[in-house]
Amino acid sequence: MSEQEHATSTKARPAGSGAEPLLRVSHLQKHFPITTSGLLRRTIGSVKAVDGISLEVGRSETLGLVGESGCGKSTAGRTMLKLLEPTAGTIEFEGRDITRLNRAQMVPMRRRMQMIFQDPYSSLNPRHTVGSIIGAPYAIQGVNPPGGVKAAVQSLMERVGLNPEHYNRYPNEFSGGQRQRIGIARAIALHPKLIVCDEPVSALDVSIQAQVLNLLEDLQQEFEIAYLFIAHDLSVVRHISDRVAVMYLGHLAEVADADQIYLTPRHPYTLALLSAVPIPDPIKERKRKRILVQGDLPSPSNPPSGCVFRTRCWKAQDICAQQAPQLREMQPGHRVACHFPEEPKPVILSS
Amino acid sequence: MTVSAQVTPGSVPPAAFEEQEAIAGRSLGQLAWMRLRRDKGAMTAMITLIVIIALAVFAPLITRMLHIDPLSFDDKAVSQDGGLPIGPFGGMSLAHPLGVEPGTGRDNLARLLYGARVSLFISFSATIITCTIGVLVGIVAGYRRGWVDGALGRFMDIVLAFPLLLVALSMAPVLTQRLQSMGLSGNGGRVLYLILVISIFGWPYLARIVRGQVLSIREREFVESAVSMGAGTSRILFREILPNLWAPILVYATIVMPSYIALEASLSFLGVGVLPPTPTWGAMLADSVRYFVVDPAFLFFPGALLFIVVFAFNSLGDAVRDALDPRTGRV
Ligand SMILES: Nc1ncnc2c1ncn2[C@@H]1O[C@H](COP(=O)(O)OP(=O)(O)OP(=O)(O)O)[C@@H](O)[C@H]1O
Ligand code: SF4
Ligand SMILES: [Mg+2]
């Protein structure tokens, strides 16, 4: 791979830096209290699932959010949609601060922000027909689509590749991939501007994953939707993302253009993540350098002082334990939280 | 389903549709009903119950056709000395197909049919009230969690701590009087009292079952999906969660229904039930015990009927549970 490929990104670029982002979160925190069980509950600590992340999602942009299991990706996505109450920080959607809006005040906002879930089985109510599942956004929001709900639902079904005649069927009669299409149809029904996709293909067969990803990309172009695309599979994220944010233990390690992340990663953790991804080319694969991070993921209820990655970082120095590295812009659009970032040169693929 | 049913967006080959067509549009409830239909024992129980319920509903019609009456005395059917029924097996005759009551000569069949009306009405009503309260409390406790759940849980503990029979017996005089002063005199008040007592002590069991189910259902992503679309609490409770509770509710109803029939019989047996001369199965059993030595047939009919109904309901309940959850089923 060359610099050339880096330069010619095939994806449409997000709105320029001057335009206001669709979603902006600043210093977002979500802590879950740990309580004693029993009659009188005492709080004895907290799980710092999300501990101060700041990021932006531009209009019609796909921001990939990656990190290993338990690092707080789902919690971050849910908190941004206010499905969980943020502990601290601010969430701005279309320029409006929605951090402290209550449930009723959020209702009109929910037309413009949606979610696609990981589990195609638990995300569809087994007692509802496909028609009422996809039509639920209309019923809940009191929207009367032109031509009626049934016609609107059937055209959505057709759009996502389902047979509209299966309007009256129940989810148990569909395969995983088809169920995920039902969930997608439901999410786009009200033409939202932002969809949080929480590992939307990780439960599916590899052969079906690409089809669903293509569908998501087509819909993005057609309806100008921005995605916050959560995944732990880096190849999936690279395929779909304009930019990628790497998360570790409730913190952001690195945010950059997708190509920059893959070609010139600068945070040690990103490097380690990438080195674990096999390369399809067998010759390159043999030469691939693997960086194994030592030890286990620390508990988010008791994160390390300073840099949260320091317990597993091979570059850690004294300062890493004392001072938390800030997410600093190293190059335009490339932000890294590390006291000793890597040099900006391709490091993964040794030739 | 196979992978080949997956289609690329925009171009949907007809072959994919045909394969999907092969699966009929069936809900989980319809699938359960199909399994239940194949269960011969369950079908026998269900038909038995339908027949008995129909007999109770049409009791006035049937008694008129057979020229029998639950309340009128028949001096000629009982002996003048001691009042024992004349004829074989408790006074069976063309005029009285199941014999007569010792002493009065009232027709057993008519009294059983009319008694079924009272017994089934009380147990049906109590089942419906129990299930309604139990579901409401359980769903709220499970969904709200926190202090609401804690408070409701303690309240249920308190209710369950009362010994039902003792409370029912000791409260009867006061409460029936209270109901009487509210204009419900005689048997109306008695029937209402029985329904209330049975329901008040019955709902916490179902509430606990429902609460446990809701605790797990509320974590399923379709609930969060409804929240993410802006659904209010009532939609989430009654449109999203409640439909997933029909299985435990139905199973619980078929289990408590027979126990309520038996409970009504016990309470009537103990004298807090419906006043004579109105017949109920419990009151008939209570009366028949005194004659057991001299007229065993008098005990046999209400006893057998009670047994059949309770047994049929229990078998049906088991079968419903198996049909709704095939994993626990007999292979
Ligand atoms: N409702 C909750 N109550 C308490 N702790 C929670 C809750 N939800 C998540 N957590 C904790 O927060 C941390 C982050 O969880 P989260 O589900 O956001 O991770 P994730 O990155 O999405 O992981 P995965 O890839 O497995 O989905 C975990 O330690 C998890 O145990
Ligand atoms: S700040 Fe220090 S410990 Fe953290 S990633 Fe950088 S080098 Fe490693
Ligand atoms: Mg997750």
Side-chain angles (χ1 to χ4, degrees), chain A residues 39 41 78 81 83 103-104 106-111 113-115 117-119 121-129 132-133 136-137 139-141 158-163 165-166 168-170 172-178 181 183 186-187 189-190 196 198 205 207-208 211-212 214-215 218-219, chain B residues 1-31 145-147 149-151 153-154 157 216-236 239-247:
Chain A
L39 214 54
R41 297 199 169 176
R78 291 184 153 97
L81 293 186
L83 297 173
R103 195 167 165 174
M106 277 304 292
V107 170
M109 309 296 293
R110 299 218 175 275
R111 291 186 193 190
M113 44 169 74
Q114 275 297 315
M115 181 140 182
F117 296 88
Q118 171 175 12
D119 183 351
Y121 290 87
S122 96
S123 60
L124 307 180
N125 194 327
R127 304 287 169 177
H128 290 181
T129 60
S132 75
I133 289 171
I140 291 171
Q141 288 283 346
E158 202 154 4
R159 182 63 197 83
V160 299
L162 294 165
N163 184 347
E165 284 165 25
H166 295 165
N168 275 324
R169 296 208 169 168
Y170 288 85
N172 61 312
E173 298 163 62
F174 294 87
S175 67
Q178 291 171 319
R181 289 170 194 271
R186 170 175 64 185
L190 296 170
V196 171
D198 191 354
D205 270 13
S207 57
I208 298 163
Q211 296 168 3
V212 172
N214 286 339
L215 172 63
D218 291 348
L219 294 171
Chain B
M1 278 317 302
T2 59
V3 176
S4 66
Q6 285 299 319
V7 287
T8 44
S11 65
V12 182
F17 280 1
E18 273 157 34
E19 194 190 331
Q20 290 173 349
E21 229 77 62
I23 343 156
R26 291 196 198 101
S27 71
L28 297 177
Q30 285 167 313
L31 291 173
R145 299 188 297 192
W147 68 268
D149 185 21
R154 287 305 94 71
D157 290 343
S216 87
I217 293 173
R218 74 190 299 285
E219 299 303 326
R220 310 252 295 273
E221 282 174 344
F222 64 77
V223 174
E224 190 171 29
S225 165
V227 176
S228 80
M229 291 183 285
T233 308
S234 72
R235 182 185 163 100
I236 288 167
R239 295 288 303 281
E240 302 289 339
I241 295 179
L242 184 61
N244 288 281
L245 292 170
W246 287 125

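All chains are named by letter (A, B, ...) in the order of the sequence lines, taking the proteins before the strands, and each is independently numbered beginning at 1.
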Q. Between the side chain of A:R111 and the main-chain N/O of B:G230, is any donor-acceptor distance below 3.5 Å?
A. no
Q.
Counting heavy-atom pairs closer than 4.5 Å to chain B, which one of A:I133, A:D119, A:L81 comes out on top?
A. A:D119
**Q.** chain A contact via B:I236 - side chain, backbone, both or neither, heavy atoms under 4.5 Å
**A.** side chain
**Q.** Part of A:M113 lying under 4.5 Å from any heavy atom of chain B
**A.** backbone
(Q) Working to the nearest 0.5 angstrom, can you tell me the gap between B:E224 CD and A:R78 CZ? (A) 4.0 Å
Q.
As a test of understanding, state which of B:N244, B:L242, B:L245 forms a side chain to side chain contact (heavy atoms under 4.5 Å, CB included) with A:R127.
A. B:N244
Q: Locate the shortest heavy-atom distance separating B:R239 from A:H128; write the atom from each residue and the value.
A: O-NE2, 2.8 Å
Q: Identify the two heavy atoms, one from A:A136 and one from B:R235, that lie closest to each other, and give their separation to 0.1 Å.
A: CB-NH2, 3.8 Å
Q: Return the minimal non-hydrogen interatomic distance between B:M229 and A:Q114, and the atom names on each side.
A: CG-NE2, 3.7 Å
Q: Assess the side chains of B:S225 and A:R186: does a donor N or O sit below 3.5 Å from an acceptor N or O?
A: yes
Q.
I need the single residue from B:R220, B:E240, B:E221 that forms a side-chain hydrogen bond (donor to acceptor under 3.5 Å, both in side chains) with A:N125. Which is it?
A. B:E240
Q | Residue pair A:S123 / B:F222: nearest heavy atoms and the distance that separates them | A | O-CB, 3.4 Å
